[in-house]
Amino acid sequence: MDQERELTELSGSVDSVIYKNEENGYTVLRLRNENDETVTVVGTIPFAAPGETLLATGMWSTHSVHGRQFKAEFAQRMLPTDEAAIYQYLASGTVQGIGPATASLIVRQFGKRSLDVLENEPEKLASIKGVSLQKAKQMSKRFRQQTGVRRLMEFICSFELRPVLAMRMYKYYGDKALDLLREDPYILAASHIGGSFYEADRLALDMGLDEQNRSRVNAAVLFELRHNLGNGHCFIPREKLCAVTSELIRVEPERVEESIEELIEAKLLHFEEIAGCKACYLPELYEVEADTAVRLAKMVKGAFRERVDLETIIQKLEESQGIRYAAMQRQTLSLALNNQVVVITGGPGTGKTTSIRAILAMFERLGIRTLLTAPTGRAAKRMTELTGQEASTVHRLLGAKFEEDGEHVAFTKNEDDRLECDAVILDECSMVDILLMDALLKALPPSARLVLVGDADQLPSVGPGNVFSALIRSGVIPTVRLTEIFRQNEGSRIVRNAHMINRGEHPDFSENAGDFFRLKRMQAGSTVDTVVELCAVRLPGKMHIPATEIQVLSPTRKGELGTASLNKRLQEALNPPAKEKKEKAFGDVTFREGDRVMQIRNNYDILWHNESNTNVGMGIYNGDIGRILSISLEEETLTVDFDGRIAQYGFDSLLELEHAWAMTVHKAQGSEYRAVILALGSSAPMLMTRDVLYTAVTRAKELLILVGDDAIAYRMVDNYRPSKRYCALRVRLRAACGIT
């Protein structure tokens with residue numbers, strides 16, 4: 001593309017919009033200039049619509065394919081004021097629910113005041129034939145949203161920041177977003193908005209904030225604490241917090257120290273020395289960690305002395321289930337009977353599921369009302385299938401919902417409205433972070449039992465803390481370690497290799513047989529080709545495993561063997577475009593009817609219903625897998641079926657979805673799949689670890705195929721990096737139990 005001349009101005013009215021991207025605001029339009037010539041304008045011009053007046057600043061260039069066009073760096077926009085332009089604007093479909101016929105009726109009745117009525121007096125629109133009051137309010141809401149997003153996006157783009165941040169800001173804060181951003185630019189770096197600290201800091205500095213400004217340094221300190229929650233840390237040592245903040249914003253460490261002191265005094269940061277460490281916490285994380293320790297310690301001391309004949313119960317359970325419990329499982333039943341909180345841990349094939357079934361059956365015989373729960377929807381579904389009793393996610397069990405700020409989570413089940421049960425069995429406990437554990441403990445009745453089940457050698461939770469490991473290492477909670485591989489699993493090469501990996505031994509690649517296969521590929525391209533062929537042809541055709549029951553895993557999102565790239569190739573093979581399939585381009589992703597998708601963040605407010613509309617509920621959670629049923633370009637909605645829960649997304653919410661033929665090992669934790677294909681290539685050392693490989697292998701139920709270089713798998717086994725997280729739950733729990 002050749003630049004023709006320097007920065008200049010271009011004005012005119014929008015004649016037509018050729019292309020628009022709702023995610024980033026990029027638009028290609030035709031503009032009728034003051035000389036009545038039609039020219040092409042490209043740039044970030046969100047919600048552009050025919051009839052608008054545009055004053056663009058930019059430069060002319062010549063595109064090798066599309067010819068001469070004006071590249072807008074910045075655009076000032078004015079809504080149309082004459083009746084013809086207003087009609088053109090509304091008739092273009094830019095406002096959802098208004099087409100040419102309705103636009104004609106609105107302009108005929110309200111003339112030049114049409115847009116003002118639409119924005120400020122929607123009830124007057126209900127006087128138009130075919131427009132109900134509800135529809136009028138919906139049209140007005142959509143128009144106000146577009147106007148608000150447009151102003152916000154223009155502000156953000158004027159500072160050369162990503163336009164998608166405006167979309168997210170408006171989604172959470174509505175008409176208040178622009179004022180909030182001007183007041184505190186660092187709100188862009190909040191987790192629910194998704195901006196980086198660097199973007200927020202650049203905005204603040206460009207708005208005139210001094211580099212040494214106290215509020216800037218304070219924001220940087222708190223950002224480091226919040227950011228590291230995502231790395232699993234509940235606190236950061238003071239000297240490290242000072243160093244990383246100083247490096248982040250390039251100010252002297254002494255200035256950061258002053259800020260830390262100021263934040264402590266303002267109670268925006270909690271400081272204490274614990275286990276020889278000078279710990280800096282966000283106050284809410286300190287409270288959660290301390291509260292969790294106190295509650296668990298109280299449960300440890302709450303032993304039961306049930307007057308029942310355990311041997312008789314075990315005998316009856318064995319008879320009814322047609323099995324013989326091993327010694328460790330008998331011990332598990334005894335501990336679950338006599339203690340308020342117990343931990344059961346073990347690798348694949350060691351009988352965790354049998355133990356859950358046995359405890360559940362024992363509790364039922366004793367009249368102990370038991371709830372089953374797990375961190376993810378797929379784990380809860382598997383728990384239901386294996387026990388025959390309904391299980392739910394922890395979030396659904398506790399009635400999770402967003403608070404009014406749209407950022408923080410509240411639970412309807414808590415100390416004031418506890419769960420109605422005598423016991424809770426929580427599976428996949430290694431995935432539970434400190435925040436969720438504390439919420440569950442608060443909702444438990446004071447005398448309820450808690451059985452925690454999981455594999456301590458899997459990846460720890462994505463959120464802060466290393467709860468399951470800390471409980472086991474504390475030595476104060478009754479714990480059973482299941483180590484014996486049961487006879488029915490002895491022939492499984494998945495189970496055998498998983499235990500070898502966990503012991504630090506290289507997996508056995510000497511044969512391709514049974515349920516574990518290795519296909520050696522030395523190049524990334526051939527690895528991808530093999531993965532696609534396995535999913536599309538070989539497994540469905542030769543082993544009768546449909547693509548819907550195959551899950552491709554990768555340690556990483558990035559690169560040729562990352563999930564982003566793999567999903568594009570798998571979409572081409574498994575759900576190619578067709579005339580009858582509607583699709584929606586969103587950024588560099590295209591969503592298509594029939595696509596397999598995954599929810600990538602908890603959304604407690606989204607409504608869902610079953611196919612017959614006889615059951616409705618709220619909440620779709622991080623990791624839930626679904627299939628796109630339909631896409632409506634007119635209504636700007638996309639409908640997904642999550643295992644019988646049908647939810648509808650507006651196009652402005654598509655950031656919450658991504659394709660799921662391939663997913664990262666971290667995202668797959670807590671789920672099992674009939675067949676797993678693990679694509680292995682070189683990646684960041686922190687992802688190429690033993691626990692990542694172990695977790696990936698243990699996701700497979702019937703078949704595991706490892707595609708890639710043997711040496712990479714061996715390096716992962718040798719790369720043993722026990723999760724080092726700054727959290728003090730183990731120390732606090734021991735102290736609360738009177739052990740130093």
For Phe591 and Phe586, take the angle between the two ring planes, folded into 0 to 90°, and tell me which bin it lands in: parallel under 30, tilted 30 to 60, perpendicular over 60.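 Judged by the thresholds at 30° and 60°, the geometry between Phe591 and Phe586 is tilted.
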Checking Tyr621 against Asn603: is there a side-chain donor and acceptor pair closer than 3.5 Å?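 Distance-only check fails for Asn603 and Tyr621.
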Going by atom types only, do Tyr726 and Asn228 share a side-chain donor-acceptor pair under 3.5 Å?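 The criterion, which ignores hydrogens and geometry beyond distance, is not satisfied for Asn228 and Tyr726.
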Looking at residues at least two apart in the chain, or sitting in another chain, which of them share a salt bridge (Lys or Arg N to Asp or Glu O under 4.0 Å) with Arg214?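 If we apply the salt bridge (Lys or Arg N to Asp or Glu O under 4.0 Å) test to Arg214, skipping adjacent residues, the hits are Glu262.
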To the nearest 0.5 Å, tell me how far [X] [atom1] sits from [Y] [atom2].
X: Phe642; Y: Asp624; atom1: CZ; atom2: CG; value: 6.5 Å
X: His233; Y: Tyr281; atom1: NE2; atom2: OH; value: 12.5 Å
X: Thr563; Y: Arg557; atom1: OG1; atom2: CZ; value: 4.5 Å

For Arg182, give me all partners under side chain to side chain contact (heavy atoms under 4.5 Å, CB included), at least two apart in sequence or on another chain.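 Phe155, Leu178, Asp179, Met207.
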Using 4.0 Å as the upper bound for N to carboxylate O, is an ion pair formed by [Y] and [X]?
X: Glu199; Y: Arg202; answer: no
X: Asp201; Y: Arg216; answer: yes
X: Arg295; Y: Glu415; answer: yes

Applying salt bridge (Lys or Arg N to Asp or Glu O under 4.0 Å), which residue pairs with at least one partner in residues 267-283 are found, sequence neighbours left out?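 For residues 267-283, and leaving out neighbouring residues, the salt bridge (Lys or Arg N to Asp or Glu O under 4.0 Å) pairs sorted by first residue read Glu272-Arg732.
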